[in-house]
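Positions are given from 1 along the sequence. We use all heavy atoms of the structure for the numbers below, so side chains are in, but hydrogens, waters and symmetry mates are not. Small disclaimer: the values here were computed from a predicted structure and weren't measured.
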Amino acid sequence: MSPKPLLSTHKSRAMGFCRKTSNAKEEGKKEAVYLRKKITLVWAITLTIGTIVGSGIFIAPKGVLKNSGNVGLSLVVWLACGVLSLFGALSYADLGTSITKSGGHYIYLLETLGPLPAFLRLWAEFVMIRPANIAVVSLAFGRYLIEPLFAPCQAPALAVKLVTTTGISLIIALNCWSVSWSTNIQTALAVLKMVTIGLIIVPGMMALADGKTTNFQNAFDTSSLALEKLPLAFYSGMFAYGGWFYVNFVTEEIVNPEKTIPLSVIVSLLIVTLGYLLTNVSYYAVLTAEEVLASEAVAVSFADRAFKSISSAIPILVALSCFGSLNGGIFAAARMLFAASREGQWPPVFSMIHSRRNTPFPALLLMLPLIFLMVSIGDLYGLLNFYSFSRWLFIGLVTLGLMIHRYRHPEIPRPFKVPLFIPLVFTIICLFIVGMSLYSDPVNTGIGCAITLTGLPVYYLVVQKSRIPGYFKAKSESLAYSHAKLCID
């Protein structure tokens, strides 16, 4: 039987779906396929913790220390990043309980600042932020997983990239197959991540209890301090905390979002901030600052020094931690592309939902090419600075949009309302860090800025409906129809 035509989801602005035929008794009627409400408070917390705790705490300490200049200031940066992330998460919780659509940053910019900033965020997300972010985490996954096989030598770059692409493909397949499987695996890996962090914290605290505080002497030595590099320290720290906003990408799939979203981000960030601080203190209790800076895998160097008997298990645990972060990030990011398609700013094919599995099948598959391209580049810290400019610029604009939206629409019910000084402080710090980063690393951040601005001609020449050539409209509809078969089969 041939599939029914695809409904115009962006015109109705309802949940995107494919039509499918019902039983004989109700022949001719159509049943919508949509994203189900399956994410409870426990799942929301594990999604948040699982996406925050990934490769960041295992690779970012080197970047934070290098750019902050000393151990003491690096710990201050870690605490400040935790507080700043909590401010951002509370602001997003305010938006998520008043604008109850999935899509995260994109939807909030669309509703508060308008279609152009929303599209530029979407454009940057698809062509740069998401592929680069996934590449950074997945390269850490590949390196930690395969490095022990080549010890004491470094693993070949090609081998790391092959393992990396295999892991990404597996996660995409998992998210295409089942929402329940993805969330259950996320829950299990979130628990495993906290166990991994615990394996670092416990021996570190034991070392401190034994009086090993030498590495904390002259903790605020200013001889290597370079204030112009401090924004890059925040980029590394905020990368490690990145993921607190992912629960807002799946708002429509959350059970009782008015309570679940605020509770999940508050609980998650309190746990993660405390865990990150103790983890970094543990690193410095065992390793000197010079050893941290010289290490390509801080957690492995720590394990080799603290407990050699189980040091071989640490890379596997860290790799699984990265796998969980990738799973959560891909699970959430596909929902932004789905939401943009539904709003008419992205090709209709991205709004297709598999009729039986209720997963955004095309949105997941079509992210792969650019992810593989970023993986082929392979420079972790270059990629991090490259995409962080646009990421934090638009996050700052989202919280600016919250304040503007509150002023323009005081009548809108807000089940969770934060004091305005929270989004104000968050916005100012985000925009300051972004501005300073252009001075600190003009090449990578400049490239990121330029790629973001390439979305302007795309928006004016292609996205605006009045300017879309008829040929491209026909091709887009044909592609959407072809993918609709995947949603029905």
Hits for side-chain contact (heavy atoms from CB on, under 4.5 Å) against T260, two or more places apart or cross-chain, chain-then-number order -> L41, A44, I254, N256

For T452, what residues pass the side-chain hydrogen bond (donor to acceptor under 3.5 Å, both in side chains) criterion, not counting sequence neighbours?
-> S390

Taking the side chain as every heavy atom from C-beta outward, state whether L368 and I172 have any atom pair closer than 4.5 Å.
-> yes

How would you list, by chain and number, every residue that makes a side-chain contact (heavy atoms from CB on, under 4.5 Å) with K66, sequence neighbours excluded?
-> L293

Pair Y235 and F389, ring centroids less than 6.0 Å apart = no

Residues two or more places apart in sequence or in another chain: which of them pass ring-ring contact (aromatic ring centres under 6.0 Å, His included) with Y283?
-> F302

Which residue pairs pass the side-chain hydrogen bond (donor to acceptor under 3.5 Å, both in side chains) test when at least one of the two sits in residues 80-90, sequence neighbours left out?
-> none

Describe, in one word, how the ring planes of Y92 and F245 are oriented to each other, choosing from parallel (under 30°), tilted (30 to 60°) and perpendicular (over 60°).
-> tilted

For I266, which residues count as a side-chain contact (heavy atoms from CB on, under 4.5 Å) partner, sequence neighbours excluded?
-> L90, L270

Kindly list each side-chain donor-acceptor pair under 3.5 angstrom involving residues 422-432, sequence neighbours excluded, with atom names and distances?
from, atom 1, to, atom 2, distance (Å)
T427, OG1, T399, OG1, 2.6
T427, OG1, L400, N, 3.4
T427, OG1, P423, O, 2.7

Do any pairs count as a salt bridge (Lys or Arg N to Asp or Glu O under 4.0 Å) and have a residue in residues 256-282, sequence neighbours left out, and if so which ones?
-> none

Stepwise side-chain contact (heavy atoms from CB on, under 4.5 Å) check, W244 with S268 = CA-CA 8 Å; W244 51 261; S268 300; over 6 Å; no

In short, side-chain hydrogen bond (donor to acceptor under 3.5 Å, both in side chains) pairs touching residues 269-281 with sequence neighbours left out are W78-N280

I'd like a table of donor-acceptor pairs (distance under 3.5 Å, sequence neighbours excluded) in which one partner is a side-chain atom from residues 113-124, with atom names and distances.
from, atom 1, to, atom 2, distance (Å)
R121, NH1, E125, OE1, 2.6
R121, NH2, H105, NE2, 3.2
R121, NH2, E125, OE1, 3.3
W123, NE1, I451, O, 3.4
W123, NE1, T454, OG1, 3.0

All side-chain hydrogen bond (donor to acceptor under 3.5 Å, both in side chains) counterparts of S91, not counting sequence neighbours | none

List in chain and number order the residues that pass side-chain contact (heavy atoms from CB on, under 4.5 Å) with D94, two or more places apart in sequence or in another chain; answer none if no residue qualifies.
-> S98, L402, R406, R414, K417, V418

